[in-house]
Amino acid sequence: VFGKDINLILVLSNLSSDRKSVRVDMSASTILYTRRAVAEILKAATSVELGPKQGKHIRVKIPYTHYGKYLTTDKRIQVTALCEVMGAHGLKLLVEKTIILEDTNIIIKLPRRVVVNKAVSLEISYANPLPEPVSRCVLLVTLMNQQVKINLARLAPRERSKIYFEFTPRRAGPLQLQVDFSCDKFSHVKGFVTIAVAPA
């Protein structure tokens with residue numbers, strides 16, 4: 001989840017009946033959706049001894065403080081591990097994983113029944129998932145082809161807050177409500193919901 005430390009486990013297994021010595025070079029970078037690297041956030045190397053038919057786990061931690069300021073709006077991190085079996089004629093294995101960090105920031109609560117030409121109040125809650133305060137918070141609400149920009153107070157580390165948004169639907173049927181939350185440390189955290197509007 002965005003704002004938290006990332007914990008990974010690399011599993012190495014020796015399927016042969018001989019002892020193996022494996023060198024593991026690990027790296028991680030923040031990337032764009034095109035897979036183009038933005039910034040390297042981790043570089044580590046270790047060696048592992050594997051007995052016959054033995055498996056071992058290598059734990060890798062990427063703290064938020066390492067990746068936070070380098071993350072793009074795509075919220076993607078590419079992790080690679082190059083595993084080289086020592087003395088085995090250059091036998092190498094490359095393991096790659098792309099992590100897409102999830103947002104759990106926006107929660108939209110609707111009333112049980114929404115009716116044409118009756119005012120409706122929605123609860124929109126938003127959060128700062130980071131271990132540091134954020135400021136210049138803005139909520140952009142898009143509904144019925146109109147956008148409303150709401151400037152919000154700064155949020156303390158891990159703080160959640162909420163606002164109430166009122167509108168009157170003019171026709172029956174489905175309505176799309178989209179919420180976009182941005183601040184000085186991250187941008188374009190989105191939430192959306194389809195509202196079923198009943199006839200009067």
Side-chain angles (χ1 to χ4, degrees), residues 1-107 126-137 154-160 179-192:
V1 175
F2 174 59
K4 301 272 178 75
D5 294 348
I6 299 166
N7 292 292
L8 303 168
I9 296 173
L10 175 68
V11 181
L12 292 178
S13 296
N14 178 8
L15 304 177
S16 76
S17 50
D18 303 319
R19 263 190 99 70
K20 301 284 184 193
S21 181
V22 183
R23 179 185 160 86
V24 182
D25 289 302
M26 300 200 71
S27 66
S29 298
T30 56
I31 59 168
L32 300 172
Y33 74 95
T34 56
R35 290 173 62 95
R36 189 168 74 81
V38 175
E40 188 171 71
I41 53 172
L42 171 85
K43 200 163 183 62
T46 187
S47 290
V48 181
E49 292 294 326
L50 292 172
K53 310 289 185 192
Q54 188 187 16
K56 280 191 180 172
H57 291 183
I58 298 174
R59 295 182 183 278
V60 182
K61 183 177 184 175
I62 307 173
Y64 165 74
T65 50
H66 286 200
Y67 74 79
K69 62 183 176 202
Y70 301 113
L71 210 58
T72 69
T73 52
D74 298 328
K75 295 187 177 61
R76 289 169 189 253
I77 292 173
Q78 176 90 22
V79 183
T80 60
L82 180 63
C83 308
E84 184 177 0
V85 182
M86 307 311 285
H89 312 294
L91 184 64
K92 293 180 182 179
L93 173 71
L94 181 69
V95 180
E96 282 190 330
K97 181 165 182 65
T98 301
I99 300 162
I100 302 171
L101 298 174
E102 285 178 30
D103 288 319
T104 54
N105 286 11
I106 306 284
I107 299 169
Y126 52 94
N128 171 16
L130 308 183
E132 56 189 330
V134 296
S135 57
R136 298 203 300 274
C137 303
R154 71 200 298 273
L155 289 172
R158 313 269 188 228
E159 184 185 357
R160 181 168 280 282
V179 178
D180 188 310
F181 178 57
S182 293
C183 65
D184 64 334
K185 299 280 190 329
F186 55 87
S187 58
H188 304 304
V189 173
K190 296 182 189 297
F192 68 92

[X] (side chain) donor-acceptor with [Y] (main chain) under 3.5 angstrom:
{"X": "N128", "Y": "E159", "result": "no"}
{"X": "S29", "Y": "A37", "result": "no"}
{"X": "N14", "Y": "Q54", "result": "no"}
{"X": "S17", "Y": "P52", "result": "no"}

Spatial distance of atom [atom1] ([X]) from atom [atom2] ([Y]) [nearest 0.5 Å]:
{"X": "Q78", "Y": "K97", "atom1": "CD", "atom2": "NZ", "result": "10.5 Å"}
{"X": "M26", "Y": "I62", "atom1": "CE", "atom2": "CD1", "result": "8.0 Å"}
{"X": "L71", "Y": "H66", "atom1": "CG", "atom2": "NE2", "result": "14.5 Å"}
{"X": "T65", "Y": "L130", "atom1": "OG1", "atom2": "CG", "result": "11.5 Å"}
{"X": "H57", "Y": "I9", "atom1": "NE2", "atom2": "CD1", "result": "6.5 Å"}
{"X": "R59", "Y": "L10", "atom1": "CZ", "atom2": "CG", "result": "11.5 Å"}

Is there a side chain to side chain contact (heavy atoms under 4.5 Å, CB included) between C83 and L12? Walk through the geometry before answering. CA-CA 9 Å; C83 308; L12 292 178; 3.9 Å; yes
Checking side chain to side chain contact (heavy atoms under 4.5 Å, CB included) for the pair V189/K75: CA distance, chi angles, key distance, verdict? CA-CA 10 Å; V189 173; K75 295 187 177 61; 4.2 Å; yes
K92 side chain reached by L82 side chain, heavy atoms, under 4.5 Å: yes
Is there a side-chain contact between Y126 and V179, using heavy atoms and a 4.5 Å cut-off? no
Looking at every non-hydrogen atom in both residues, tell me the closest pair between [X] and [Y] and how far apart they are.
{"X": "D5", "Y": "P63", "value": "OD1-CA, 3.3 Å"}
{"X": "Y64", "Y": "E132", "value": "OH-OE2, 3.0 Å"}
{"X": "Y70", "Y": "V38", "value": "O-CG1, 4.0 Å"}
{"X": "A127", "Y": "L155", "value": "C-CD1, 4.0 Å"}
{"X": "V134", "Y": "K185", "value": "CG1-CG, 3.6 Å"}
{"X": "R154", "Y": "P133", "value": "NH2-CB, 3.7 Å"}

State which residue, out of L8, T98, V95, I6, fulfils the side chain to side chain contact (heavy atoms under 4.5 Å, CB included) condition with V79. L8
Taking the basic N atoms (NZ, or NE/NH1/NH2) and the acidic carboxylate oxygens, is any pair closer than 4.0 Å for R35 and E96? yes
Count the heavy atoms of every other residue, nucleotide or ligand shown that sit under 6.0 Å from NZ of K56, and state whether that count exceeds 12. yes
So I107 and R160, side chain to side chain contact (heavy atoms under 4.5 Å, CB included) or not? Walk me through it. CA-CA 10 Å; I107 299 169; R160 181 168 280 282; 3.7 Å; yes
Relative to each other, are the rings of F186 and F181 parallel, tilted or perpendicular (30° and 60° limits)? perpendicular
Verdict with reasoning, R136 to C183, per side chain to side chain contact (heavy atoms under 4.5 Å, CB included): CA-CA 5 Å; R136 298 203 300 274; C183 65; 5.7 Å; no
